[in-house]
Amino acid sequence: MSTRADRQLCAIRLAQDCAQLGARVRTIHHLTGLNPRDVQRLFFNDPQAIPRGRPPNSLEWYHGANLIARAESSIFMSMYRRLRNTGFGAAETLVSAYRGYQAVCQCPHRCWRRPKTEPLMRGVPI
């Protein structure tokens with residue numbers, strides 16, 4: 001049986017993974033149960049660097065999205081469902097499926113803007 005300290009450490013590790021992947025504070029809070037102020041204090045030193053974006057429960061984007069975005073979301077969901085069906089926890093599955101999605105969907109339209117002198121680096125934040 002895990003202790004409260006073990007559960008807290010697991011939540012902090014999960015929060016760290018989410019923050020490294022670019023998750024919003026609210027998303028990290030929903031997945032880990034950590035207080036949003038604690039998430040900001042632990043993982044985002046600069047208030048300007050805190051990721052912002054669409055709420056995690058927003059569904060409207062899908063119906064207005066282009067075919068590539070819909071295909072990529074389908075790839076992500078298939079990875080998520082496959083992992084969930086094998087018995088992994090929801091939050092850990094979300095992080096793992098997103099990492100798998102990043103490995104598969106590194107399309108040029110998802111590349112961050114870079115100066116012309118730097119090499120191309122790809123990545124998609126959550």
**Student:** For Asp38, check side chain to side chain donor-acceptor pair (under 3.5 Å) against everything at least two apart and list the hits.
**Tutor:**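 Asp38 satisfies side chain to side chain donor-acceptor pair (under 3.5 Å) with Arg41 once adjacent residues are dropped.
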**Student:** For residues 77-98, which residue pairs pass the salt bridge (charged side-chain N to carboxylate O under 4.0 Å, His left out) check, not counting sequence neighbours?
**Tutor:**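 Those involving residues 77-98 do not exist here.
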**Student:** State the OH-OG distance between Tyr101 and Ser74, to the nearest 0.5 angstrom.
**Tutor:**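 Result: 11.0 Å between the selected atoms.
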**Student:** Looking at Thr93 and Gly89, would you say the former's side chain and the latter's main chain have a donor-acceptor pair under 3.5 Å?
**Tutor:**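 Side chain of Thr93 to backbone of Gly89: a pair is present.
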**Student:** Distance check, rounded to the nearest 0.5 Å: Leu83 atom CG versus Thr86 atom OG1?
**Tutor:**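 Reported to 0.5 Å precision, the distance equals 5.5 Å.
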**Student:** CZ/Arg37 to CG/Leu42 distance, rounded to the nearest 0.5 angstrom?
**Tutor:**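 With rounding to 0.5 Å, CZ (Arg37) is 14.0 Å from CG (Leu42).
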**Student:** Please check this pair: side chain of Arg52 against backbone of Arg24, looking for a donor-acceptor N/O pair closer than 3.5 Å.
**Tutor:**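 Side chain of Arg52 to backbone of Arg24: no pair is present.
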**Student:** Is there a path from Val95 to Ile12 through hydrophobic residues (I, L, V, M, F, W, Y) whose side chains come within less than 4.5 Å of each other?
**Tutor:**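 Result: no, two separate clusters.
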**Student:** Count I, L, V, M, F, W, Y as connected when their side-chain heavy atoms are under 4.5 Å apart, and connections chain through other members. Are Leu94 and Leu14 then in the same cluster?
**Tutor:**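 Yes.
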**Student:** Enter the distance from Arg13:CZ to Leu9:CG here, rounded to the nearest 0.5 Å.
**Tutor:**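 Interatomic distance, Arg13 CZ to Leu9 CG, rounded to 0.5 Å: 5.5 Å.
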**Student:** Where the side chain of His29 meets the backbone of Leu34, is there a donor-acceptor pair that is under 3.5 Å apart?
**Tutor:**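 Checking the backbone N and O of Leu34 against the side chain of His29, a donor-acceptor pair under 3.5 Å is found.
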**Student:** If you round to the nearest 0.5 Å, how far is CG of Asp17 from CD1 of Ile28?
**Tutor:**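 Separation between the atoms: 10.0 Å.
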